[in-house]
Amino acid sequence: MLPTVGSDSSKIISYAAEVSGRVEGIAAGSALVPDATKRTALERSATRLATGARELLAAFVARTTTEMFEQRRVVGHGRGIDRGFDAGVATIAESLRTSLPDRTTTSPEYRAVFSTGSTDPFTSPTIKQDPELASDLRQRITDSGSSAKVQMLSVIEALIPLVGPAAAALTTGESAIQTQWDAELLARKKIVDALWEEKRAVEQSLGRSGRGLARFAFFDFSEPGTPSSDTKTDPGVPPVAG
């Protein structure tokens with residue numbers, strides 16, 4: 001059993017690397033395979049598998065580095081900005097409320113800016129929605145007749161340059177991860193195809209007398225246990241006839 005494209009990348013890498021090493025080890029000397037031509041063919045198979053495993057490893061590392069580090073920093077930054085945006089909205093709401101004669105959130109002047117009487121429509125969404133919300137809030141403040149208009153506008157104007165880039169960075173990062181996922185899946189398919197093709201090539205090179213060696217080289221892939229244990233298999237396999 002060989003891995004499929006749906007198998008975990010790290011498991012495929014480990015498996016292909018070990019298979020490559022086993023094939024290379026079998027081809028290393030004449031004790032198992034006396035025929036030099038067959039050993040050369042085995043070395044070509046080992047090299048192709050090692051190359052494919054390295055390519056998948058590079059794609060896997062690139063994607064996980066972006067996903068686990070770079071994007072997490074972007075997410076953390078965005079969440080910090082979002083907290084600041086929420087605090088700014090709360091400041092605006094309080095400035096508006098205290099500027100009113102009755103100081104209530106039910107007054108028409110207050111509802112002109114915060115139509116529900118609450119800041120939740122502006123503070124509940126995530127950073128991705130903050131730029132649009134900030135623009136909407138600025139327009140509501142601009143259109144209002146509040147005596148605290150200048151003070152409120154100064155707060156929202158200071159927030160707008162922050163929320164826009166933070167939201168854009170999140171979207172850009174997500175797009176980059178998707179691109180890297182696509183590259184990883186392509187590399188995954190490439191090495192899976194190579195494993196199947198080189199398995200047939202190795203079996204052909206070793207012939208009937210080398211079936212045990214071929215099974216040893218392409219041991220059963222096991223998702224949870226890849227790579228295999230160090231337990232010896234096929235001890236005493238006879239050399240392949242030259």
Side-chain angles (χ1 to χ4, degrees), residues 1-24 44-86 88 121-137 158-201 218-228:
M1 177 181 174
L2 297 180
T4 67
V5 176
S7 301
D8 182 84
S9 289
S10 63
K11 301 295 191 301
I12 296 174
I13 294 163
S14 296
Y15 178 81
E18 181 165 342
V19 169
S20 172
R22 289 189 182 201
V23 174
E24 187 177 52
R44 283 197 298 268
S45 293
T47 298
R48 183 186 177 193
L49 294 177
T51 299
R54 287 191 186 98
E55 289 176 356
L56 178 54
L57 176 61
F60 174 73
V61 169
R63 192 263 303 171
T64 53
T65 298
T66 300
E67 192 171 63
M68 297 170 61
F69 180 74
E70 301 296 346
Q71 187 66 357
R72 294 320 300 172
R73 278 182 52 82
V74 170
V75 169
H77 179 77
R79 286 176 174 166
I81 294 294
D82 187 53
R83 283 295 185 95
F85 178 72
D86 292 351
F122 292 95
T123 58
S124 294
T126 64
I127 185 65
K128 283 186 178 181
Q129 288 76 48
D130 285 351
E132 183 179 352
L133 294 172
S135 179
D136 180 37
L137 184 55
L159 290 171
I160 287 175
L162 300 178
V163 296
L170 277 173
T171 301
T172 299
E174 288 170 357
S175 178
I177 290 172
Q178 184 58 57
T179 298
Q180 290 170 335
W181 257 118
D182 292 342
E184 182 179 337
L185 288 175
L186 186 63
R188 195 187 289 180
K189 182 180 184 303
K190 184 176 178 181
I191 186 60
V192 167
D193 288 346
L195 282 164
W196 283 100
E197 291 165 8
E198 295 309 322
K199 181 176 184 291
R200 289 192 292 270
F218 290 84
F219 58 95
D220 277 348
F221 174 79
S222 175
E223 190 87 35
T226 306
S228 68

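For reference, positions follow the sequence shown, starting with 1.
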Examine distances only and state if a side-chain atom of Ser135 and a backbone atom of Pro131 form a donor-acceptor pair shorter than 3.5 Å. no
For side-chain contact (heavy atoms from CB on, under 4.5 Å), just list the numbers for Leu162 and Phe85, CA-CA rounded to whole Å, side-chain angles, deciding distance to a tenth of an Å, and then say yes or no. CA-CA 9 Å; Leu162 300 178; Phe85 178 72; over 6 Å; no
Checking Tyr15 side chain against Leu2 main chain: does a donor-acceptor pair fall under 3.5 Å? no
Less than 4.5 Å apart, any side-chain heavy atom of Thr64 and any of Phe69? no
Residues passing the ring pair (Phe, Tyr, Trp, His ring centres under 6.0 Å) test with Phe122, sequence neighbours excluded, are Phe114
Are more than 12 heavy atoms, taken from residues, nucleotides or ligands other than Glu67, located less than 6.0 Å from that residue's CD atom? yes
Any donor-acceptor N/O pair, Ser20 side chain to Ala16 backbone, under 3.5 Å: no
Enumerate the side-chain hydrogen bond (donor to acceptor under 3.5 Å, both in side chains) contacts for residues 73-83, please, sequence neighbours excluded, ordered by first and then second residue. none
Arg63 (side chain) donor-acceptor with Gln180 (main chain) under 3.5 angstrom: no
Between the main-chain N or O of Pro121 and the side-chain N or O of Ser124, is there a donor-acceptor pair closer than 3.5 Å? no
Checking Lys190 now: which residues fulfil side-chain contact (heavy atoms from CB on, under 4.5 Å) with it, not counting sequence neighbours? Glu55
Counting distance only, does the side-chain N/O of Ser175 pair as donor-acceptor with the main-chain N or O of Thr171 below 3.5 Å? no
